[in-house]
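These figures come from a predicted structure and were not determined experimentally. Chain identifiers are assigned alphabetically (A, B, ...) following the order of the sequence lines, protein sequences preceding nucleic acid strands; residue numbering begins at 1 within each chain.
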Amino acid sequence: MIRFDSVSKTYPRQARPALRDVSLEIERGEFVFLVGSSGSGKSTFLRLVLREERASHGQVHVLGKDLGRLSNWKVPQMRRQLGTVFQDFRLLPNKTVGENVAFALEVIGRSRGQIRKTVPEVLELVGLGGKEDRMPGELSGGEQQRVAIARAFVNRPMLLIADEPTGNLDPQTSVGIMKLLDRINRTGTTVIMATHDQQIVDQMRKRVIELEQGRLVRDQSRGVYGYQH
Amino acid sequence: MRGQFVLSEIFTGLRRNLTMTFAVIVSVGISLALLGSSLLANQQVSAMKGYWYDKVQVAIYLCNKNDAENDPQHCDRGAVTGQQKREIEADLKKLDVVEKVYYEPKDEAFKHYQEQFKDSPLASSLTPDQMQESFRVKLEDPTKYDVIASAFGGRAGVQEVQDQRALLEPLFGLLDGMNKAALFVMALMLVVAMLLIVNTVRVSAFSRRRETGIMRLVGASSFYIQMPFILEAAIAGLIGAALACGMLLLGKYALIDQFLAEQIQVVNFVGYDAVLQQLPWVVGVGLLMPSLAAFLTLRKYLNV
């Protein structure tokens, strides 16, 4: 599903690399936590998987494709097989919940009939059945994140990338979001989640990948957060 | 591609930047109107040059049978005779400064006149008989007009020796100067219009960065993401082009038909067909330039 071969990434005009010689493999259907302090390279790791950036050295394979060799015009096709969720939800404030989810399908040219059928289904799945016509501003943070997850998942991606999805939520709401991500994982979708939330990692007992100053320092199946503040 | 979705995006964008859109439309309109006028001015010059202007420098008009009355000073002995014509032609060819001599008989003169003044009422009132025969002379050195004038000026059968360049050159010089000025202002306005478009697209891209960011993430193609911006610019350009077309047609009607054509009847002004011929160019440039400017701006600011 994902393979990093000695991947390094140095941003322009920066002496210190954001990632150094990282090699790892993530299998189909896995649930992986990506932990590490701020600036440890988590975001760079995710940006490389999304091909927002290219590796400076080494190879990044996602869904069987070498992203370093993937030409720019093929990137959109690749991203359609990925779903992405962020800490700040990134919903469109002037569109309803339903329209926000539909937007992801509209812009990749799905038919109206298909959209009408899929959107309520996925909203039901994330626990927002019947809230289709609400505006994001009327929803709680947890509900907004569910909308974002619905949007990320509506295309039934092979891989879901979540960048601190519970970062803005209280612990109880976070548990709900984690249950949802776990359920999505059980449908066969690989989930990679970057997080600072020790409790969640310790509870879930999933694979933990820890980065420190751009280096891979720990890769543990059924791990705990373990990172000392 | 969902047409309705794209359309609604475009009009939201245009509305959001109403002042900027207006500025784009006006500057595109003015620059294109100037482009059209300059193209028309070129047509006007070539229409006025007529058949001979670029080929010869000197015309030797020969007396026809009417000139004995009309111009007794030069043609007191009536129409030119065959003998006189042969002598003139032979003498012309003997001169070193003469490069080439054309003889234009009456019916050819009539034909060229009809071509040049086909839109004018003067053309229909003439008959071939009223036309003058002439020799058209091409000189090795166009400034040596004097040689011809002094050699043939007072000759029997010659009504007048005319240096066509001297007659029309100042006028064409003026038209040419105006034309260049119009082109210069047009280029300037077009640059202004392009800069406005660059700015509009930049603002537009910034205010919609949330949408475009999401589009990128969910895998919308660059084409799909860029299309609304480019169409936005193209539509503004098209409205500007329509404005320019209106100005050209209005100019033709108000300035040429209602004013110049009344004042200066001997000049054959360009007709509506000539104006209409320029409009596709105006519309083409009006569509293409803004789209191109938008496209290039997006490459820089949309990061797709």
Side-chain angles (χ1 to χ4, degrees), chain A residues 46-47 49-53 62-63 70-86 88-95 99-115 122 136 147-163, chain B residues 1-21 200-235 291-292 294-304:
Chain A
L46 296 182
R47 290 173 69 80
V49 173
L50 283 167
R51 202 182 171 281
E52 299 243 25
E53 301 287 347
V62 175
L63 301 166
L70 192 68
S71 55
N72 280 327
W73 65 273
K74 280 185 177 160
V75 170
Q77 284 296 338
M78 189 235 18
R79 289 197 183 137
R80 286 176 196 193
Q81 295 168 32
L82 313 179
T84 326
V85 180
F86 296 95
D88 57 356
F89 319 140
R90 300 201 188 173
L91 300 175
L92 299 174
N94 53 350
K95 288 187 190 291
E99 284 167 352
N100 262 289
V101 178
F103 185 77
L105 296 173
E106 271 167 7
V107 298
I108 58 172
R110 289 292 145 82
S111 74
R112 209 169 306 191
Q114 201 179 352
I115 292 172
V122 75
V147 178
I149 292 171
R151 183 180 62 197
F153 191 62
V154 69
N155 218 5
R156 307 285 157 160
M158 313 276 281
L159 173 64
L160 187 75
I161 293 170
D163 192 358
Chain B
M1 173 133 317
R2 304 269 309 274
Q4 203 190 344
F5 172 77
V6 174
L7 270 184
S8 76
E9 290 287 295
I10 293 165
F11 283 103
T12 323
L14 285 176
R15 249 204 330 273
R16 187 156 34 206
N17 289 321
L18 201 59
T19 49
M20 207 83 105
T21 308
T200 315
V201 169
R202 214 168 73 184
V203 170
S204 206
F206 185 76
S207 65
R208 289 185 36 208
R209 66 195 184 288
R210 235 185 147 81
E211 278 95 331
T212 51
I214 293 166
M215 286 163 105
R216 249 153 32 83
L217 274 179
V218 301
S221 61
S222 333
F223 177 75
Y224 199 91
I225 298 174
Q226 292 176 344
M227 196 44 31
F229 296 97
I230 292 175
L231 285 179
E232 223 173 281
I235 286 176
S291 312
L292 197 68
F295 179 71
L296 294 176
T297 313
L298 288 174
R299 292 181 66 91
K300 188 159 177 223
Y301 291 101
L302 208 56
N303 184 29
V304 286

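- Here the straight-line distance linking atom CG of Leu217(B) with atom CZ of Arg90(A) works out to 6.5 Å at 0.5 Å rounding.
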**OP:** Mind running side chain to side chain contact (heavy atoms under 4.5 Å, CB included) on Asn155(A) and Val218(B) for me, showing each step along the way?
**Re:** CA-CA 9 Å; Asn155(A) 218 5; Val218(B) 301; over 6 Å; no

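- Note that CZ of Arg210(B) is 6.5 Å distant from CG of Asp88(A), once rounded to the nearest 0.5 Å.
- Separation of atoms CZ (Arg216(B)) and OG1 (Thr84(A)) is listed at 10.5 Å; rounding is to 0.5 Å.
- The CE atom of Met215(B) sits 13.0 Å away from the CZ atom of Arg79(A) when rounded to the nearest 0.5 Å.
- Across all non-hydrogen atoms, the minimal contact from Ser221(B) to Arg80(A) is N-NH2, 3.9 Å.
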